[in-house]
There are 2 protein chains.
Amino acid sequence: MPSRRGLTREIIVKTAADMQDQHPAQVLTLKDLAAALEVRTPSLYNHIDNLEELRQEVAIYGAHELADRLGSAAIGRAGDDALLAMSWAYRDFVTNRPGLHLATQRAPRPDQEELMAGAMRVLNMLHRVLEPYGLSEKEQIHAIRALRAMVHGFVSLEQAGGFGMPVDLDESFQYLVEMFVAQVNNRQVSELPTSFKRR
Amino acid sequence: MPSRRGLTREIIVKTAADMQDQHPAQVLTLKDLAAALEVRTPSLYNHIDNLEELRQEVAIYGAHELADRLGSAAIGRAGDDALLAMSWAYRDFVTNRPGLHLATQRAPRPDQEELMAGAMRVLNMLHRVLEPYGLSEKEQIHAIRALRAMVHGFVSLEQAGGFGMPVDLDESFQYLVEMFVAQVNNRQVSELPTSFKRR
DNA sequence: CACTATAAACTAACACAAATAGTTTGACAA
DNA sequence: TTGTCAAACTATTTGTGTTAGTTTATAGTG
């Protein structure tokens, strides 16, 4: 007496993503996922290959979601304004969809093509936004890496509960992003004496 | 015919840490761990409560290892020199012990007391190093959060293979850390026009 | 309007890791 | 020498992922 549910690959991925948001700590099980979809566990295998592939799929979904949000944030903005807006959009993403963000970080194979596609969209946006600052090609890459590291690092530590002090996190984040903005506006600060050399 | 191996909790944790370094991608199983220790799986339960507790223990071990390395790096240094040395020591830790770093990040309960102890040691070091810069108390906290975010974010993205462009990573890392050093030396850059306000 | 092919659900069973229960043994202390 | 106990063991249970094989609802065809 199996009755046809309208199960699709997309529904499964989105439900999995939602479940991870509701309980970011606990690991995703096919049993729970099937229960949420009101289906027996093996039925999932009609739509996905296995658990690892599903995790990868969720990560890809998250990467695109993030790229979409950053794109929206950047629309109609330029320069410092765009950089700040995109940074805040990233942080909002982590706040609103914590489990999805974690799933994207913990992708089984982070280097995979389709997963990189979302990241690439973000990179291209950043390149366009940084264009008018007149950085050298190399410096632009350093700058993009720096911004990604700063924002990603902040939200990851925040999500992991890594910031204990009772000082406003929004303020800290703004401080961080303004540090970056100052750097790309004011290139002479990068000419500081570099006394420390790597051994 | 069970013969007494010199198994201890400490040996188990260190072996688990080593195994994660050798294969950072794959998940730790008690079966493999027991095999590496030339023991049957249930014997591990004489020393640990369960797998989750072991993971937590490995994370704590990693946090202390990191704090030790940062402490060593800072000895005999001050100011910019100390900040740069500690940043590079963090990056070296991730390079040398990638699995241990991941295990520390993915701790079951990142907020737990003993795990925070290592992080606290690092925080105290940073506070002492930043002392002479004459920042306000609040600004000092912002600065520490910023540095942690920058360094942590960079090494995490690097480890996840997040930086694709063929530009030297050491150079990018130096660029990043110098950005921080410039900020704490040159406070007027933080007085930039803040056109973007959070909605 | 039947008839059939197929996708998508199901039940049953297997594989494998974690965890528990209960047993055995080796080393140290009296 | 002997009693005790920590630390190993074997055997078994539980839970999740996965596969095999079966059933059924629906869509398309004559």
Side-chain angles (χ1 to χ4, degrees), chain A residues 1-61 99-100 102-104 106-109 112, chain B residues 1-61 99 102-103 106-109 112:
Chain A
M1 54 204 73
S3 68
R4 290 299 173 84
R5 317 297 166 94
L7 210 54
T8 67
R9 185 184 186 81
E10 200 185 353
I11 290 174
I12 291 175
V13 171
K14 283 190 176 173
T15 305
D18 290 345
M19 288 178 62
Q20 300 230 343
D21 280 331
Q22 273 148 39
H23 305 284
Q26 77 188 34
V27 290
L28 181 71
T29 71
L30 292 182
K31 193 189 171 201
D32 291 349
L33 178 56
L37 291 164
E38 293 181 311
V39 147
R40 306 287 177 173
T41 309
S43 303
L44 299 173
Y45 283 84
N46 289 316
H47 306 275
I48 60 165
D49 289 352
N50 50 50
L51 179 58
E52 179 169 327
E53 191 244 8
L54 173 62
R55 291 219 174 96
Q56 188 76 21
E57 214 59 36
V58 172
I60 291 167
Y61 172 69
L100 187 52
L102 277 180
T104 303
R106 297 175 181 176
R109 301 192 56 248
Q112 192 183 290
Chain B
M1 54 204 70
S3 68
R4 291 299 174 82
R5 317 297 166 93
L7 209 54
T8 67
R9 186 184 185 81
E10 200 184 354
I11 291 174
I12 291 175
V13 171
K14 283 191 177 174
T15 304
D18 290 345
M19 288 178 62
Q20 300 229 343
D21 280 331
Q22 273 147 37
H23 305 284
Q26 76 188 32
V27 290
L28 181 72
T29 71
L30 292 182
K31 193 191 171 198
D32 291 349
L33 178 57
L37 291 165
E38 293 182 310
V39 145
R40 306 288 176 172
T41 308
S43 302
L44 299 173
Y45 284 87
N46 290 315
H47 305 275
I48 60 166
D49 288 353
N50 51 49
L51 178 59
E52 179 167 328
E53 191 245 8
L54 174 61
R55 291 218 173 96
Q56 188 76 21
E57 214 58 38
V58 172
I60 290 167
Y61 173 68
L102 278 180
R106 296 176 182 177
R109 301 191 56 247
Q112 191 184 290

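Keep in mind that the numbers below use all heavy atoms, side chains included, and drop hydrogens, waters and symmetry copies. Lettering follows sequence order; numbering is per chain, from 1.
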_Residue A/Lys31, side-chain heavy atoms: nucleotide from D/dT16, D/dA8, D/dT18 that is nearest_ = D/dT16
_More than 12 heavy atoms of other residues, nucleotides or ligands under 6.0 Å from CZ of B/Arg9: yes or no?_
yes
*Identify which nucleotide among C/dT11, D/dT18, C/dA18 has an atom closest to any side-chain atom of A/Arg40, counting heavy atoms from C-beta outward.*
C/dT11
*Round to a whole Å and report the spacing from CG of B/Asn50 to P of C/dA17.*
18 Å
*Within the pair A/His47 and C/dA9, is there a side-chain N or O less than 4.0 Å away from OP1 or OP2?*
yes
*asked:* How many whole angstroms separate atom CG of B/Asp32 from atom P of C/dC16?
replied: 13 Å
*asked:* If I take atom CG in residue A/Leu44 and atom P in nucleotide C/dT11, what distance separates them, rounded to the nearest angstrom?
replied: 14 Å
*Look at all strands and tell whether A/Ser43 reaches a base, only sugar-phosphate, or nothing, counting heavy atoms closer than 4.0 Å.*
base
Identify all side-chain donor-acceptor contacts of residues 12-19 of chain A below 3.5 Å with residues at least two apart in sequence or on another chain.
{"residue": "A/Thr15", "atom": "OG1", "partner": "A/Ile11", "partner atom": "O", "Å": "2.7"}
{"residue": "A/Asp18", "atom": "OD1", "partner": "A/Arg97", "partner atom": "NH2", "Å": "3.0"}

*Measure across B/Glu53 and B/Ile48 and return the closest heavy-atom pair with its distance rounded to 0.1 Å.*
OE1-CB, 3.5 Å
*Between D/dT18, D/dA8, C/dA18, spot the one nearest the side chain of B/Leu30, thanks.*
C/dA18
*Taking all atoms of both residues into account, what is the closest heavy-atom pair of B/Gln112 and B/Ile60, and its distance?*
NE2-CD1, 4.2 Å
*What is the distance, rounded to the nearest whole Å, between atom CD of B/Glu53 and atom C1' of C/dA18?*
14 Å
*C/dA17, C/dA8, D/dA7: which one has an atom nearest the side-chain heavy atoms of A/Asn46?*
C/dA8
*Round to the nearest Å and state the distance from B/Glu38 atom CD to D/dA7 atom P.*
19 Å
_Nearest listed nucleotide, side chain of B/Thr29, among C/dA21, C/dT11, C/dA17_ = C/dA17
_Rounded interatomic separation in angstrom, taking CG from B/Leu7 and P from D/dC5_ = 22 Å
*Check the distance between C/dA8's P and A/Ile11's CD1 and give it to me in whole angstrom.*
11 Å
*Drop me the distance from A/Leu51's CG to A/Tyr45's OH, to the nearest 0.5 angstrom.*
7.0 Å
*Rounded interatomic separation in angstrom, taking CG from B/Leu33 and P from C/dA19*: 12 Å
*Is A/Thr41 touching bases, backbone alone, or none of the nucleic acid, heavy atoms closer than 4.0 Å?*
base
